[in-house]
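Below is one structure, written out as structure tokens; the observations come after it.
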Amino acid sequence: MSSPLSQPTTVLLTGATSGIGAELLPRLLAQGHSVIALSRHAVHLPAQPGLIALSADLTDLPSIPVLAQRLLSEHPALSVLINNAAVQHAHTLTDPASTPAHLIEEAALNLTAPALLTQALLQHFMVKPAGAIVNLSSGLATFPKQQGGLYSATKAGLSSFTISLRWQTEGTPLLVTEVVLPPVDTPMTAGRGRAKIPPDHAAKAILAGITACRTTIRIGAARALPVIATLAPWLGRRLLRG
């Protein structure tokens with residue numbers, strides 16, 4: 001399988017203005033790729049060579065297939081999708097601060113939007129010499145967090161979706177990759193937990209894994225989760241419950 005980033009191409013990066021996305025963006029541009037930087041706040045990105053800033057709200061689910069078809073029409077070289085955008089509302093359902101809008105936003109942005117983008121782009125990507133769909137998951141897909149139950153569930157769903165998609169596209173040049181992240185120091189995790197890795201560390205590891213055509217990219221402490229899940233699942237639940 002050829003690396004999808006070995007030659008300059010066009011990359012669709014969601015959540016490109018914050019956290020890991022904001023670290024991936026300049027690195028992809030520096031490698032010579034054109035990047036469609038999709039974010040609610042993309043309009044504020046400074047103009048630079050290779051950057052295609054696109055302001056869009058991925059929680060507007062019916063608009064996604066139309067948006068994807070427009071992108072394919074305007075950018076036929078598009079061959080890599082990085083589903084990075086996500087949101088986490090750290091409330092328990094017993095907390096009066098938890099609202100239906102929070103649950104709807106998490107489910108839409110974290111799981112349904114990546115699935116819709118994938119569906120709309122898939123046929124185009126599968127005939128590319130080296131395309132890729134990269135889904136950013138989490139260690140919480142293995143062991144859910146007490147305050148963040150739906151977020152954990154969406155990441156578990158995205159993990160399962162990625163595995164199934166990989167099976168569905170066997171025999172094609174398409175690389176389907178899951179990135180399993182530990183806690184990362186981003187605005188979304190501000191004030192939550194400790195031992196978070198810097199977002200630039202995560203971005204470097206993600207790009208190295210894509211370049212190496214790895215189907216699963218486990219970063220930092222997330223590398224230990226398969227062993228813990230097999231040998232001491234009680235420990236994983238204890239560590240991630242809080």
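Computation of the quantities below employed the complete heavy-atom set of this structure, encompassing side-chain atoms and omitting hydrogens, waters and symmetry-equivalent molecules.
Taking NZ of K155 as the reference point, atom CG of N135 lies at 8.5 Å (rounded to 0.5 Å). Here L58 contributes atom CG and I64 contributes atom CD1; the two are 5.0 Å apart, rounded to the nearest 0.5 Å. Atom OG1 of T177 is separated from atom CG of L81 by 11.5 Å, given to the nearest 0.5 angstrom. Note: H201 NE2 to D185 CG = 13.0 Å, rounded to the nearest 0.5 Å. To the nearest 0.5 angstrom, I36 atom CD1 is 12.0 Å from T14 atom OG1. For the atom pair E106 CD and Q88 CD, the distance stands at 6.5 Å (nearest 0.5 Å).
No chain of hydrophobic side-chain contacts below 4.5 Å, direct or via other Ile, Leu, Val, Met, Phe, Trp or Tyr residues, connects L12 to V80. Residues L181 and L150 do not share a hydrophobic cluster, clusters being chains of Ile/Leu/Val/Met/Phe/Trp/Tyr side chains in contact below 4.5 Å. A continuous path of Ile, Leu, Val, Met, Phe, Trp and Tyr side chains, each step under 4.5 Å between heavy atoms, connects L13 with V134, placing both in one hydrophobic cluster. Note on L117: it clusters hydrophobically with L122, by side-chain heavy-atom contacts below 4.5 Å among ILVMFWY residues. Tracing side-chain contacts under 4.5 Å through hydrophobic residues (I, L, V, M, F, W, Y), one reaches I20 starting from L51; they form part of the same cluster.
In plain terms, the two heavy atoms of F125 and L78 that are nearest each other are CE1-O, 3.5 Å. Summarising the geometry of A130 relative to S2, their closest heavy-atom pair is CB-O, 3.7 Å, with the distance given to 0.1 Å. The two atoms that bring Y151 and A86 nearest to each other are CE1-CB, 4.5 Å, heavy atoms only. Residues S55 and V43 share a closest heavy-atom pair of OG-N, 3.0 Å.
Ion pair E170/R166 not flagged as a salt bridge, since none of the NZ, NE, NH1 or NH2 atoms sits closer than 4.0 Å to an Asp/Glu carboxylate oxygen.
Between the N110 side chain and the V87 main chain, a donor and an acceptor come within less than 3.5 Å of each other. A donor-acceptor pair is defined here as one N or O able to donate and one able to accept, closer than 3.5 Å; no such pair exists between the side chain of T169 and the backbone of T172.
Residue E74 qualifies as enclosed at atom CD: its count of foreign heavy atoms under 6.0 Å is above 12.
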